Amino acid sequence: MSKSVVVSAAGKVLICGGYLIVEKGNPGVSIAVDCKFNCRGRAKEVPNTTNVTTDITVLVKSLQFGSTQEIKLKKDGDQWEFSNEQSISNFIAAAVKYGITEAAGMTVPDVIELELFADNSFYSQANYLKSQGQEVTYNNLVNVPASNKIVGDLGKTGLGSSAGLTASIVGCLFEVLGKSALENKSDVHACAQRAHCAAQSKIGSGFDVATAVYGSCVYSRFSPSCINEKNSEWDHEISPILLPGHFRLLLADINKGSSTPGMVSTVMKWKKSGDNETRPEWESLKAANKDIVSILSTVSGGLREVDGLSELPSNQWESLGESAAIYIKLRDALAKARVLLRKMGELSGAAIEPQQQTELIDATLKSVPGVLAAGCPGAGGFDAIFAICVSDTSRDATITFWENYSNNNFGVTPKSVCALPLSQSATGMEVIWS
């Protein structure tokens with residue numbers, strides 16, 4: 001039996017740049033997390049290398065999602081096209097087609113087997129825990145079996161599952177077909193971007209795919225023409241960035257997924273409907289995001305810990321004097337961007353920060369010591385909130401606060417909000433042969 005390879009791609013939390021990132025030149029800060037979408041692959045049969053292969057079968061299975069699919073492709077010129085009916089996820093089909101087209105040489109295996117499995121935090125585990133008679137708590141989530149089979153409806157947590165799936169399949173096919181995914185990372189990235197756009201029938205910003213491949217980064221999008229021109233030079237901008245080492249990133253599962261493409265369309269329609277060439281709120285948010293990028297770029301290499309930060313809510317940090325100045329500066333920059341983003345949602349009619357999220361975020365910042373910032377990640381909506389804490393102590397306090405949080409105005413009872421088991425990661429795509 002041939003050796004197998006596992007290629008993993010990182011999940012993401014966009015803490016800065018929502019909506020504006022769809023326009024070229026506007027940066028966003030996307031933090032990779034240690035939740036990975038994985039694809040295990042191997043060549044089941046290898047043809048005689050003297051023959052040119054024009055047909056290939058890809059078997060895709062996932063115990064986690066309860067699916068098995070046979071995909072047949074036939075070579076047509078420089079492309080590989082489907083030769084059987086497809087009834088699987090658009091993202092799986094596109095990733096397989098584009099990955100094989102990009103990575104295949106003159107000869108390919110007769111059959112490639114792929115197995116998909118994702119870390120649990122990509123999907124809400126609330127239904128599973130309830131089926132086991134358990135409450136939805138952080139400690140119970142930690143003990144859910146790895147790559148647990150989905151129970152009930154598929155509830156996404158906003159970590160970029162479709163981007164991770166696409167990137168992991170493309171990277172895995174590169175490896176199986178004899179091209180190093182890590183040595184050809186830019187090719188994997190370009191191929192995954194094209195596949196992801198094809199699957200969703202639109203050209204997005206691509207920050208989620210970029211993070212899946214490259215890890216935590218400041219990202220500015222590519223020109224849409226790059227998608228349609230195979231040999232074009234990609235003009236996106238990516239630079240690595242990390243939150244300071246003692247910072248702790250948290251994401252809460254609210255278990256109410258939002259339609260990101262629909263919300264983006266609503267906001268972009270609002271932006272273009274103004275009397276002026278652009279909206280002042282848009283320009284103000286652009287400046288605020290650039291301030292965040294500038295500050296984070298300064299402290300990314302390290303930031304001195306300050307006594308007292310974890311003992312006070314962030315609105316009281318001024319009492320700590322000059323030692324807390326850089327923390328206050330970053331706090332204020334992130335808070336300003338949140339206010340502007342929420343205002344943009346109100347003006348456009350998009351639920352970027354719904355009122356129930358606003359009340360939870362405000363309560364977190366006011367009640368929990370050591371929380372530098374909190375907000376709705378990415379395009380916002382109902383599915384998640386994030387928090388950036390300055391220590392393990394404040395992280396643990398936030399986890400407890402969320403689990404005990406209730407709000408009668410919106411029917412929120414204790415154990416309705418739960419932190420996911422994740423942390424920031426420096427890496428994007430990883431490869432392991434066995």
Side-chain angles (χ1 to χ4, degrees), residues 13-21 26-31 218 241 243-244 246-252 267 279-300 303 306 308-348 350-381 384-391 394-395 397-398 401-402 405 424:
V13 179
L14 186 70
I15 65 170
C16 157
Y19 294 96
L20 274 71
I21 203 170
N26 294 336
V29 177
S30 184
I31 303 299
V218 177
I241 198 166
L243 298 174
H246 61 286
F247 280 19
R248 298 293 180 261
L249 178 67
L250 284 176
L251 193 74
V267 172
R279 297 276 192 172
E281 298 83 9
W282 189 273
E283 294 302 311
S284 296
L285 184 54
K286 183 187 297 186
N289 288 341
K290 288 183 177 179
D291 286 343
I292 294 170
V293 170
S294 176
I295 298 168
L296 280 177
S297 297
T298 300
V299 303
S300 182
L303 182 62
V306 175
L309 287 175
S310 296
E311 300 169 10
L312 296 171
S314 61
N315 62 3
Q316 298 178 28
W317 284 353
E318 280 79 2
S319 65
L320 298 174
E322 186 61 28
S323 63
I326 188 64
Y327 290 88
I328 293 170
K329 187 177 181 180
L330 181 56
R331 176 203 68 186
D332 290 348
L334 287 162
K336 182 178 181 180
R338 178 194 163 207
V339 169
L340 290 167
L341 195 59
R342 184 171 67 241
K343 180 65 174 178
M344 203 164 69
E346 293 169 357
L347 293 171
S348 66
I352 296 176
E353 188 181 296
Q355 183 60 31
Q356 53 264 53
Q357 307 292 62
T358 295
E359 295 187 18
L360 171 56
I361 294 166
D362 288 347
T364 302
L365 292 168
K366 180 180 179 181
S367 304
V368 185
V371 180
L372 177 120
C376 293
I385 67 167
F386 75 89
I388 300 173
C389 306
V390 298
S391 68
S394 57
R395 177 199 60 193
T398 302
F401 178 80
W402 283 347
Y405 177 78
Q424 77 162 331

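What you are looking at is a predicted structure, and each value in this text was computed from that prediction instead of being measured.
In this structure a side-chain-to-backbone donor-acceptor pair under 3.5 Å is present from Asn26 to Leu20. In this structure, the side chain of Ser297 engages the main chain of Val293 through a donor-acceptor pair within 3.5 Å.
From Ile292, atom CD1 reaches atom NZ of Lys336 across 10.0 Å, with rounding to the nearest 0.5 Å. Here CD1 of Ile15 is found 14.5 Å from CZ of Arg338. Values are rounded to the nearest 0.5 Å. The CZ atom of Arg331 lies 11.5 Å from the CD1 atom of Ile295; values are rounded to the nearest 0.5 Å. To the nearest 0.5 Å, the span separating CD1 on Ile31 from CD1 on Ile388 amounts to 7.0 Å. Considering CG of Leu340 and CD of Glu283, their distance stands at 11.5 Å, rounded to 0.5 Å. Atoms CZ and NZ, from Phe401 and Lys366 in turn, are 10.0 Å apart once rounded to the nearest 0.5 Å.
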Q.
Go through it in stages, so that I can follow the logic: the residues are Thr398 and Arg395, the test is side-chain contact (heavy atoms from CB on, under 4.5 Å), and I'd like the CA-CA distance, side-chain angles, deciding distance and then a yes or no.
A. CA-CA 5 Å; Thr398 302; Arg395 177 199 60 193; 5.8 Å; no

**Q.** Pair Leu341-Glu353, side-chain contact (heavy atoms from CB on, under 4.5 Å): steps then yes or no
**A.** CA-CA 8 Å; Leu341 195 59; Glu353 188 181 296; over 6 Å; no

Q | Steps toward side-chain contact (heavy atoms from CB on, under 4.5 Å) verdict (Ser391, Leu309) | A | CA-CA 9 Å; Ser391 68; Leu309 287 175; over 6 Å; no

Q) Hey, mind stepping through Leu285 and Tyr19 against side-chain contact (heavy atoms from CB on, under 4.5 Å) and telling me if it holds? A) CA-CA 10 Å; Leu285 184 54; Tyr19 294 96; over 6 Å; no

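Across all their heavy atoms, Leu360 and Trp402 have their closest contact at CD1-CD1, 3.9 Å. Scanning all heavy atoms of the two residues, the minimum distance from Leu365 to Ala374 falls at CD2-N, 3.9 Å. Between Ser394 and Pro369 the shortest heavy-atom distance is CB-O, 3.1 Å. Here the shortest heavy-atom pairing between Cys376 and Gly381 reads SG-O, 4.1 Å. Annotation for Leu14 and Val29: closest pair CD1-O, 3.4 Å, computed over non-hydrogen atoms. Nearest approach of Ile352 to Met344, heavy atoms of both residues: CD1-C, 4.3 Å.
Here the side chains of Val299 and Phe247 are not in contact, with every heavy-atom distance at 4.5 Å or above. A heavy-atom distance below 4.5 Å is not found between the side chains of Leu250 and Phe386. You'll find the side chain of Val371 stays beyond 4.5 Å of the side chain of Ser314, heavy atoms only. Contact annotation: the side chain of Gln356 never approaches that of Glu359 to less than 4.5 Å [non-hydrogen atoms, C-beta and beyond].
Taking the six-membered ring for Trp and thresholds of 30 and 60 degrees, Trp317 and Tyr327 have ring planes more than 60 degrees apart, a perpendicular arrangement.
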